[in-house]
Amino acid sequence: MTDTSRRSIIGGIALSGAALSGAMTTRAGAAPQTLGFGAFKKDTDFACVYHCDFGDAGRFGQMLGNINNHLSVYDFDPMRMKIVMVAHGPGLKFFLADLAGTPWADETIDPDLYTRAIGLSKYGVEAYLCQITFKRLNIDVAKARSDSFLKLVPSGVATVAELQSLGYSYLKVA
């Protein structure tokens, strides 16, 4: 079997199994953990921050595909590659359990997008959610999903800069 085939199989297993195992990663009734800048670290040779400040579902799906491809080059080994998604502004909506009372209340988001994000979390991918966005848009933080790969950070844009200062590469899907 070629490396490409093996990577495709491993990636497919992660994405297809995410729906079944997603409930196991959820902490019942708990808001995401809050991280301060002092908690950030780079403990792998390769690390990347994916910047998600957009609300387009197609673009979000493309970002998830890019992350999967990125991980595949490192054999989905979280000891070799660390990836963090930072979401703020409209990008926050992809990580909310409930859009009622938000600027996106009239939208419907394909649940498969979040299932794919859960699948990526099995390989150490985390998503950092901007507390400033919650405050400025008057969104109750309890609307955030409570999966363990989600973390609250003081500011999305400041987090992107902090991670870059630690040596994380920067990527944004255009």
With a 4.5 Å heavy-atom cut-off, do Val153 and Leu129 have their side chains touching? no
Where Cys130 and Gly156 come nearest, the two heavy atoms and their spacing: SG-N, 3.2 Å
Specify the closest pair of heavy atoms between Phe76 and Pro78, including all atoms of both residues, with the distance to one decimal. O-CD, 3.2 Å
Between Ala105 and Gly101, what is the shortest heavy-atom contact and its length? CB-N, 4.0 Å
Verify the cluster assignment for Phe54 and Leu113: are they in a single hydrophobic cluster under the rule of side-chain heavy atoms below 4.5 Å apart? yes
Looking at Arg80 and Asp45, is any side-chain nitrogen of the basic one under 4.0 Å from a carboxylate oxygen of the acidic one? no
So the side-chain hydrogen bond (donor to acceptor under 3.5 Å, both in side chains) pairs with at least one residue in residues 155-164 (sequence neighbours excluded) are none
If you group Ile, Leu, Val, Met, Phe, Trp and Tyr by side-chain heavy-atom gaps below 4.5 Å, do Val125 and Val49 land in one group? no
Report yes if some heavy atom in the side chain of Arg59 is under 4.5 Å from a heavy atom in the side chain of Lys172; otherwise report no. yes
Rounded to the nearest 0.5 Å, what separation is found between the CG atom of Leu96 and the CD1 atom of Ile109? 7.5 Å
Are more than 12 heavy atoms, taken from residues, nucleotides or ligands other than Asp43, located less than 6.0 Å from that residue's CG atom? yes
Do Asn66 and Gln62 have side chains that approach each other closer than 4.5 Å (heavy atoms only, starting at C-beta)? yes
If Ile, Leu, Val, Met, Phe, Trp and Tyr residues are connected whenever their side-chain heavy atoms lie under 4.5 Å apart, and connections chain through other members, are Phe40 and Phe46 in the same group? no
Is any side-chain heavy atom of Cys48 less than 4.5 Å from a side-chain heavy atom of Tyr170? no
First locate atom CE of Met63, then atom CG of Asn68, and finally report the distance between them rounded to the nearest 0.5 Å. 12.5 Å
Tightest non-hydrogen contact, residues Asp53 and Pro90, listed as O-CD, 3.5 Å
So which heavy atom on Phe95 is nearest to which on Ala127, and how close? CE2-CB, 3.7 Å
Find out whether Leu137 and Thr102 are in side-chain contact, i.e. whether some heavy atom of one side chain is under 4.5 Å from a heavy atom of the other. no
How far apart are the C-alpha atoms of Tyr114 and Asp147, what are their side-chain angles, what is the distance that settles it, and do they pass the side-chain hydrogen bond (donor to acceptor under 3.5 Å, both in side chains) test? CA-CA 11 Å; Tyr114 193 72; Asp147 296 280; 2.5 Å; yes
Drop me the distance from Leu163's CG to Lys42's NZ, to the nearest 0.5 angstrom. 11.5 Å
Using modelled atom types and a 3.5 Å cut-off, is there a donor and acceptor pairing between side-chain atoms of Ser121 and backbone atoms of Phe149? no
Tell me whether Thr115 contacts the main-chain N or O of Pro111 through its side chain, where contact means a donor paired with an acceptor under 3.5 Å. yes
Do Trp104 and Ile139 have side chains that get closer than 4.5 Å, going by heavy atoms? yes
Quick one: pull up CZ in Phe60 and CZ in Arg116 and give me the separation to the nearest 0.5 Å. 8.5 Å
Minimum-distance pair of heavy atoms, taken over all atoms of Phe134 and Leu152: CE1-CD2, 3.7 Å
Does one hydrophobic cluster hold both Tyr74 and Ile67, with members joined at side-chain heavy-atom distances below 4.5 Å? yes
What distance separates Met85 CE from His51 NE2, expressed to the nearest 0.5 Å? 13.0 Å
Does any non-hydrogen side-chain atom of Thr34 lie less than 4.5 Å from one of Lys151? no
Checking one residue: Val157. Which other hydrophobic residues are in its cluster under the side-chain 4.5 Å linking rule? none
If the test is side chain to side chain contact (heavy atoms under 4.5 Å, CB included), which one of Leu171, Leu71, Thr44 qualifies with Ile83? Leu71
By side chain to side chain donor-acceptor pair (under 3.5 Å), Glu126 pairs with (sequence neighbours left out) Lys82, Tyr128
From Lys41 atom NZ to Tyr168 atom OH, the distance as rounded to the nearest 0.5 Å: 9.0 Å
Partners meeting ring-ring contact (aromatic ring centres under 6.0 Å, His included) with His70 (sequence neighbours left out): Tyr50
With hydrophobic residues grouped by side-chain heavy-atom distances under 4.5 Å, do Val173 and Val160 end up in a single group? no
List in chain and number order the residues that pass side chain to side chain donor-acceptor pair (under 3.5 Å) with Asp98, two or more places apart in sequence or in another chain; answer none if no residue qualifies. Lys143
For Asp110, all residues meeting salt bridge (Lys or Arg N to Asp or Glu O under 4.0 Å), sequence neighbours excluded: none
